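For reference, the structure is listed below as structure tokens.
Not measured: the values here are computed from a predicted model.
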Amino acid sequence: MSNVKFCFPNWTQPTSIVTPTATGYGSPDIWVDLDNLQSEVLSEMARCPSVDTTDTRILIDLGATRNIGMLAMPSHNAQDGDLGRIRIASDAALTDILYDSGWVEFLGEIYPFESLASERVEWIDGHLTAEQVADQVVPWIDVLPTEVYGKYLDVQLDFTDNTDGYVDIGRIFACTVISPTVNTLEGTTPPFYRDPSTKSRTRRGPSFSDKRKPFLISKLTFGALDIDEVYEEFFEMVRQYGLSEPFFFIYNSDAAKYILMRQSFVATAENMAEPKNNSYGIYAMDLEISQQF
């Protein structure tokens, strides 16, 4: 298991100094609402009304050279077979490619061969069923082997067989990866759904539910942070992001895809406890995060 990863800052988003820009390829102005890639509402998306691969491509100028350790596209209308690719370059002409994710399926084989009981319909090819795809969004994730320093993102999308006939894509994450040297302690709560729905029962017996959308939540306990990690990484996380700004969270980047898709999400902190100096030079800290949509 790899150590947990807090992915921030997201360099595709504006800072107090720099505002990244996104430009569509293909037909002029074919992309609608590209500004939504920087919307404060995470569910808002940009749309390309075409599935021609010459159109479904975006160039993002980060505005400055940035250190990038992970890429993610968590909001989209991808169906089984749809592909995404992100290249990182130092120049707008894309002559100096620093990193290429290659074509990666948004969905693809979720379950490893023979990992399911033969009674499950997904056992045949390891893919999600059409109903499962319609009911959830699987994040496209690529964790780089090592950080690279780039200024441009070449986002390519192949949705040629998508029955919607268009491409929707939300906020794209290109982030620095913050990962503690020593992972979380035993007793940490891994990401799992919490159902905020409420139930009540009438005097005569029948019960009624106020159904609400479940969300992922994780409670993390760190017990061996050094002073640099506390005052560089977690200090800045609290200062810049606090309880309101979203970041991308990966619990275990080494997990099989069916686990990775359930443990990686756009998150905000629910609670950030102050660090405790339990022994000389060693700090403990508790953090609770929840999924944002």
I'd like to know whether Asn36 forms a side-chain contact (heavy atoms from CB on, under 4.5 Å) with Val41, so could you lay out the CA-CA distance, the side-chain angles of the two residues, the decisive distance to 0.1 Å, and finally the verdict. CA-CA 8 Å; Asn36 281 347; Val41 181; over 6 Å; no
For the pair Asn77 (side chain) and Tyr166 (backbone), establish whether a donor and an acceptor sit closer than 3.5 Å, ignoring hydrogens and angles. yes
More than 12 foreign heavy atoms under 6.0 Å from CG of Asp161: is that the case here? no
Check whether Gln38 reaches the backbone of Pro20 with its side chain - one donor and one acceptor, N or O, closer than 3.5 Å. yes
Heavy atoms, side chains only, cut-off 4.5 Å: are Phe173 and Pro139 in contact? no
Measure across Thr56 and Cys48 and return the closest heavy-atom pair with its distance rounded to 0.1 Å. CG2-SG, 3.9 Å
Taking the side chain as every heavy atom from C-beta outward, state whether Asp142 and Val104 have any pair of such atoms under 4.5 Å apart. no
side-chain contact (heavy atoms from CB on, under 4.5 Å) between Ile178 and Glu236, intermediate numbers included: CA-CA 11 Å; Ile178 308 302; Glu236 287 302 310; over 6 Å; no
Could you give the distance from OG1 (Thr181) to CZ (Phe222), rounded to the nearest 0.5 Å? 11.0 Å
Hey, is the main chain of Ser253 close enough, under 3.5 Å, to the side chain of Ser2 for a donor-acceptor pair? yes
Is there a path from Leu260 to Val266 through hydrophobic residues (I, L, V, M, F, W, Y) whose side chains come within less than 4.5 Å of each other? yes
Look at the side chain of Asp91 and the backbone N and O of Asp96, then say whether any donor-acceptor pair between them is shorter than 3.5 Å. yes
Answer yes or no: is there a side-chain heavy-atom contact under 4.5 Å between Trp31 and Leu37? no
Is Ser290 reaching over with its side chain to a backbone N or O of Glu270, donor-acceptor style, under 3.5 angstrom? no
N-O pairing of Asp195 and Arg212 below 4.0 Å: no
Can you find a heavy atom in the side chain of Gln156 that is under 4.5 Å from one in the side chain of Trp103? yes
Between Glu288 and Ile217, is a side-chain contact (heavy atoms from CB on, under 4.5 Å) present by the stated rule, with each step listed? CA-CA 7 Å; Glu288 182 177 343; Ile217 192 161; 3.1 Å; yes
OG1 of Thr12 to CG of Asp61, rounded to nearest 0.5 Å, is 12.0 Å
Is a donor on one side and an acceptor on the other found under 3.5 Å between the side chain of Asn10 and the backbone of Ala174? yes
Can you tell if the side chain of Val167 reaches within under 4.5 Å of the side chain of Asn162, non-hydrogen atoms only? no
Is a salt bridge present between Arg57 and Asp154, judged by a nitrogen-to-oxygen distance below 4.0 Å? yes
Can any side-chain N or O of Thr53 pair as donor or acceptor with the backbone N or O of Asp158 at less than 3.5 Å? no
Is any side-chain heavy atom of Phe249 closer than 4.5 Å to a side-chain heavy atom of Leu216? no
Report yes or no: do Ile30 and Ile58 belong to one cluster of Ile/Leu/Val/Met/Phe/Trp/Tyr joined by side chain heavy-atom distances under 4.5 Å? yes
Counting heavy atoms not belonging to Asp29, are there more than 12 under 6.0 Å from its CG? no
Working to the nearest 0.5 angstrom, can you tell me the gap between Lys211 NZ and Thr198 OG1? 11.5 Å
Give, for atom CG of Leu34 and atom OG of Ser39, the distance between the pair rounded to the nearest 0.5 Å. 12.5 Å
Between Val230 and Tyr283, does the side-chain contact (heavy atoms from CB on, under 4.5 Å) criterion hold? Intermediate values first, please. CA-CA 8 Å; Val230 169; Tyr283 294 81; 3.7 Å; yes
For Phe293, is the CZ atom crowded, meaning more than 12 foreign heavy atoms sit under 6.0 Å from it? yes
Output yes when a side-chain donor or acceptor of Lys219 lies under 3.5 Å from a complementary backbone atom of Gly187, and no otherwise. no
Proximity of Tyr251 and Phe192 rings by center, below 6.0 Å: no
Write down the atom of Glu233, the atom of Ser179, and the distance for their closest heavy-atom approach. OE1-O, 4.5 Å
When you compare the side chain of Tyr193 with that of Arg262, does any pair of heavy atoms fall below 4.5 Å? no
For the student: nearest non-hydrogen atoms of Lys257 and Phe106, plus distance: NZ-O, 3.7 Å
Over all heavy atoms of both residues, which pair between Met237 and Leu287 is shortest? Give the atoms and the distance, please. CE-CD2, 4.0 Å
To the nearest 0.5 Å, tell me how far Ile68 CD1 sits from Tyr149 OH. 10.5 Å
Connected via hydrophobic side-chain network under 4.5 Å: Val155 and Ile97: no
Nearest heavy atoms of Gly165 and Val51, plus distance in Å: C-CG1, 3.6 Å
Working to the nearest 0.5 angstrom, can you tell me the gap between Ile86 CD1 and Trp140 CH2? 4.0 Å
Would a single hydrophobic cluster contain both Phe248 and Leu220, if residues Ile, Leu, Val, Met, Phe, Trp and Tyr are joined by side-chain heavy-atom contacts under 4.5 Å? no
Grouping I, L, V, M, F, W and Y whenever their side-chain heavy atoms are under 4.5 Å apart, do Val177 and Phe235 come out in a common cluster? no
Between Ser75 and Ile169, is there a donor-acceptor pair closer than 3.5 Å when you use the side chain of the first and the backbone of the second? no
I need the minimum non-hydrogen distance between Ile282 and Asn277, along with the two atoms involved. O-ND2, 3.1 Å
Given 3.5 Å as the limit, does a donor-acceptor pair link the side chain of Gln79 with the main chain of Thr163, or not? yes
Between Asp100 and Arg85, is the closest basic N to carboxylate O distance under 4.0 Å? yes
Please tell me if the side chains of Thr221 and Thr184 come closer than 4.5 Å, counting only heavy atoms from C-beta onward. no
